[in-house]
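Here is the structure we will look at, set down as structure tokens.
Here the structure is a predicted model, which is why all the values come from computation and not from measurement.
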Amino acid sequence: MTQIEFENVYFRYNDDETWTLKNVSFQINKGETIAIIGRNGSGKSTVAKLMNGLLLPQSGTIYIDGMKVTPQTIFDIRQKVGMVFQNPENQFVGTTVLDDVAFGLENRGIPREEMIRRIDESLTKVGMSSYKQHEAHHLSGGQKQRVAIAGVIAIYPEILILDEATSMLDPIGRKSILETIDKVKQENELTCISITHDMNELSIANRVFVFHEGRLEQDTTPRHFFSSTENWKTYGLLPPLLTQFTKQIGKNGILLHTHPLTHEELIRELWK
């Protein structure tokens, strides 16, 4: 079932500027995880903002669950789409963790008993249930990001958008957040859109969208993307260490049956 659809979408921020997006078309099915990558200015974050009505296209059409995104449908669209930003502090509005998670629920008029249940549920899912009364601004970067995710999943979105949500974290914090997101996605059967610069995040995606100068250049699988790195420099991308290692051993005559996406896959392939 198609849940997100872009049809010939054009967008620019000012009339005297070049197009940020040019004739972009794609479909995303319910339950898929899509990684969107590309250099800065390629249009990937603009795609995210168009999905939840923060921006509207100058030309073309966007559908969310069959509903056309227009000024009249934005409220309904945002009931379905939750967004986690790069800097979680941009989403904090309350004094405590509890206040922050409650904010979106209060705006939607959720009854108090149901609100308390959802707050407890979402904080438990991200491992932050013991931090309810803590001041959000005093938490670590990873903890802040977990609270931001809890605030989004508490509203029960059908689509979760992560706009560079792990870029400010160290490798351990990034790994922990990705595991949390994957767990939440599976438990809630979410469609997940991840805008990222981290090539390691692609391994959890079903498909990879590569944007370059406002155009969707590739719609492919992670394994196919990693096995073909010819255009990466054009896209401003650097192959992760795993890909570099696989290429290097290939030059030395060690050819793997398939391109590994994780260290565990690499070890299995090497044993073969």
Side-chain angles (χ1 to χ4, degrees), residues 4 22-29 31-45 47-48 86 141-142 145 160-186 190-272:
I4 303 171
K22 309 166 190 174
N23 197 30
V24 172
S25 297
F26 60 77
Q27 294 182 344
I28 297 173
N29 296 323
E32 281 193 299
T33 296
I34 307 296
I36 301 180
I37 61 175
R39 67 168 73 243
N40 289 337
S42 62
K44 56 187 188 296
S45 288
V47 169
Q86 178 179 12
Q145 203 59 280
L160 178 62
I161 300 176
L162 307 161
D163 191 2
E164 303 280 4
T166 64
S167 65
M168 298 180 69
L169 305 178
D170 60 37
I172 295 174
R174 186 178 299 121
K175 183 175 184 291
S176 177
I177 288 296
L178 288 176
E179 289 173 350
T180 299
I181 290 167
D182 192 51
K183 177 186 174 187
V184 167
K185 176 187 180 300
Q186 300 302 330
L190 297 174
T191 301
C192 188
I193 315 297
S194 177
I195 290 90
T196 183
H197 277 102
D198 185 358
M199 297 298 99
N200 294 301
E201 291 186 24
L202 273 57
S203 62
I204 65 172
N206 302 113
R207 292 155 65 197
V208 178
F209 289 178
V210 183
F211 276 81
H212 180 60
E213 295 182 350
R215 298 187 184 277
L216 177 57
E217 293 285 333
Q218 290 190 45
D219 173 359
T220 186
T221 65
R223 204 175 301 280
H224 182 270
F225 178 72
F226 280 125
S227 65
S228 177
T229 59
E230 290 79 11
N231 295 320
W232 281 39
K233 186 175 290 187
T234 302
Y235 301 144
L237 304 173
L238 289 174
L241 184 59
L242 188 65
T243 299
Q244 295 179 45
F245 179 79
T246 303
K247 292 285 186 182
Q248 187 58 50
I249 63 174
K251 292 177 182 178
N252 294 335
I254 304 175
L255 302 177
L256 304 183
H257 178 67
T258 127
H259 192 291
L261 298 179
T262 64
H263 291 91
E264 291 77 14
E265 283 191 8
L266 173 62
I267 292 169
R268 287 198 297 269
E269 287 296 315
L270 289 173
W271 271 111
K272 291 178 185 178

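Separating the OG1 atom in T262 from the CD1 atom in I267 is a distance of 8.5 Å, to the nearest 0.5 Å. Annotation: the span from S45 atom OG to D163 atom CG amounts to 3.5 Å, rounded to 0.5 Å. Atom CG of D219 sits about 11.5 Å away from atom OG of S25, to the nearest 0.5 Å. The OG1 atom of T33 sits 8.0 Å away from atom CD1 of I193, with the distance rounded to the nearest 0.5 Å.
A donor-acceptor pair under 3.5 Å is absent between the side-chain atoms of T243 and the main chain of P239, judged by distance alone. Looking only at distances, no side-chain donor or acceptor of K247 sits under 3.5 Å from a matching main-chain atom of L242. No donor-acceptor pair under 3.5 Å is formed between the side chain of S228 and the backbone N or O of F225.
Taking 4.5 Å as the limit, some side-chain heavy atom of L256 sits within range of a side-chain heavy atom of L266. Side-chain contact between H212 and K44: absent, with no pair of heavy atoms (C-beta onward) separated by less than 4.5 Å. Here the side chains of L202 and I204 are not in contact, with every heavy-atom distance at 4.5 Å or above. Within the 4.5 Å cutoff, the side chain of I37 has heavy atoms near those of the V208 side chain. At least one side-chain heavy atom of L270 sits under 4.5 Å from a side-chain heavy atom of I249. Counting heavy atoms from C-beta on, the side chains of V47 and I36 come closer than 4.5 Å. Between F209 and E217, every side-chain heavy-atom pair lies at or beyond the 4.5 Å cut-off.
When all heavy atoms of A205 and P222 are compared, the closest pair comes out as O-CG, 3.2 Å. In terms of heavy-atom proximity, L162 sits nearest to C192 at CD1-SG, 3.7 Å. The two residues A48 and I195 have their closest heavy-atom pair at CB-CD1, 3.5 Å.
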| Going through the checks in order, is the side chain to side chain contact (heavy atoms under 4.5 Å, CB included) test met by I34 and S194? | CA-CA 6 Å; I34 307 296; S194 177; over 6 Å; no

| request: Tell me, with the steps shown, if Y235 and Q218 meet side chain to side chain contact (heavy atoms under 4.5 Å, CB included). | output: CA-CA 11 Å; Y235 301 144; Q218 290 190 45; 3.4 Å; yes

| said: Does M199 form a side chain to side chain contact (heavy atoms under 4.5 Å, CB included) with L237? I'd like the steps, not just the answer. | reply: CA-CA 8 Å; M199 297 298 99; L237 304 173; 3.9 Å; yes

| message | Between F226 and T221, is the side chain to side chain contact (heavy atoms under 4.5 Å, CB included) condition met? List the steps. | response | CA-CA 9 Å; F226 280 125; T221 65; over 6 Å; no

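Scanning for salt bridge (charged side-chain N to carboxylate O under 4.0 Å, His left out) contacts around D182 gives an empty result, with sequence neighbours left out. Under the side-chain contact (heavy atoms from CB on, under 4.5 Å) criterion, N252 pairs with Q248, not counting sequence neighbours. For E213, the salt bridge (charged side-chain N to carboxylate O under 4.0 Å, His left out) criterion is met by no residue, not counting sequence neighbours. Considering only residues two or more places apart in sequence or on other chains, E179 meets the salt bridge (charged side-chain N to carboxylate O under 4.0 Å, His left out) condition with K175. Every residue meeting the side chain to side chain donor-acceptor pair (under 3.5 Å) condition with T196, not counting sequence neighbours, appears here in chain and number order: E201. R39 is linked by a salt bridge (charged side-chain N to carboxylate O under 4.0 Å, His left out) to nothing, counting only residues two or more places apart in sequence or in another chain.
Between T258 and R223, the side chains place a donor N or O and an acceptor N or O closer than 3.5 Å (distance only, hydrogens not considered). For the residue pair H257/E269, the side-chain donor-acceptor check at 3.5 Å is not satisfied.
In this structure, E32 does not pair ionically with K185, as no charged nitrogen and carboxylate oxygen lie closer than 4.0 Å.
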